[in-house]
Amino acid sequence: MTSSPDAQIAVVTTTVGDAAAVHRLASGAVQARLAACVQVEAITSHYVWQGVQQAEAEWRLVCKTLLSAAPALRDWLRAQHPYEVPQLLTHAVQAEQDYVQWVAQQVDPASIAGPGQAPR
């Protein structure tokens, strides 16, 4: 059986600088059912912060969720994030229908807060 890549999900990425934060954010997003899966990648980031060139080890979190859940996931990540200015990027990506269905089963629509409500 072949499935067609005719459905979309959202991929939300962020970075953190320590192992405790990456574990807390990754497991928390899945536990809150705002993300179906969070992958963690070790990276090195080069950037300028407050006028000083930086090169630091970081961890990238790649969160897979529903398009409709992406705003709530970003809000949750922003509230939990240790950085003053966190990177929060969202991409809509094509995915195989069976994977999209699995993501939909993992993300709880009740977790998606409406205006003025906090995600659980």
Side-chain angles (χ1 to χ4, degrees):
M1 170 175 113
T2 25
S3 56
S4 61
D6 57 318
Q8 290 189 323
I9 61 169
V11 175
V12 177
T13 61
T14 191
T15 57
V16 294
D18 67 79
V22 76
H23 177 72
R24 180 176 54 80
L25 292 176
S27 64
V30 171
Q31 195 169 47
R33 298 196 60 193
L34 290 168
C37 172
V38 179
Q39 295 169 321
V40 175
E41 303 166 324
I43 61 171
T44 302
S45 292
H46 298 261
Y47 58 95
V48 174
W49 179 249
Q50 297 178 342
V52 179
Q53 174 96 22
Q54 307 286 329
E56 296 184 1
E58 285 190 303
W59 287 266
R60 179 185 302 129
L61 290 88
V62 181
C63 310
K64 274 74 87 184
T65 193
L66 298 173
L67 291 171
S68 60
L73 175 58
R74 281 192 315 269
D75 289 346
W76 184 89
L77 286 167
R78 187 176 298 108
Q80 301 295 317
H81 211 287
Y83 287 0
E84 183 180 335
V85 181
Q87 168 196 283
L88 293 166
L89 306 176
T90 304
H91 304 279
V93 297
Q94 294 297 116
E96 296 293 321
Q97 188 62 43
D98 53 351
Y99 187 75
V100 173
Q101 289 172 349
W102 176 79
V103 169
Q105 291 169 354
Q106 304 311 307
V107 175
D108 182 5
S111 297
I112 303 167
Q117 297 177 331
R120 62 177 178 157

Nearest atoms (heavy-atom pairs only) where Pro82 meets Leu25 | CD-CD1, 4.4 Å
Single-linkage hydrophobic cluster Tyr47~Val85, side-chain heavy atoms < 4.5 angstrom | yes
Shortest non-hydrogen contact from Arg33 toward Gln105 = NH2-O, 2.8 Å
Between the NZ atom in Lys64 and the OG1 atom in Thr13, the distance rounded to the nearest 0.5 Å is 11.0 Å
Residues clustering with Val103 (ILVMFWY side chains joined when closer than 4.5 Å, directly or via others) | Ile9, Val11, Val62, Leu66, Val93, Tyr99, Val100, Trp102, Val107
Does a donor on one side chain sit under 3.5 Å from an acceptor on the other, for Tyr83 and Glu58?
-> yes
Any donor and acceptor pair, going by atom type alone, linking the side chain of His23 with main-chain N or O of Asp18 inside 3.5 Å?
-> no
Is a donor on one side and an acceptor on the other found under 3.5 Å between the side chain of Thr65 and the backbone of Ala10?
-> no
Could you give the distance from OG1 (Thr15) to CH2 (Trp59), rounded to the nearest 0.5 Å?
-> 11.0 Å
Minimal heavy-atom distance between Leu77 and Cys63, with the atoms involved, is CD1-SG, 4.4 Å
Using the side chain to side chain donor-acceptor pair (under 3.5 Å) rule, pick out the option among Gln87, Arg78, His81 that qualifies with Thr14.
-> His81
Test Trp49 against Glu56 for side chain to side chain contact (heavy atoms under 4.5 Å, CB included), laying out the working first.
-> CA-CA 11 Å; Trp49 179 249; Glu56 296 184 1; over 6 Å; no
Answer whether the closest heavy-atom distance between the side chains of Gln54 and His46 falls below 4.5 Å.
-> no
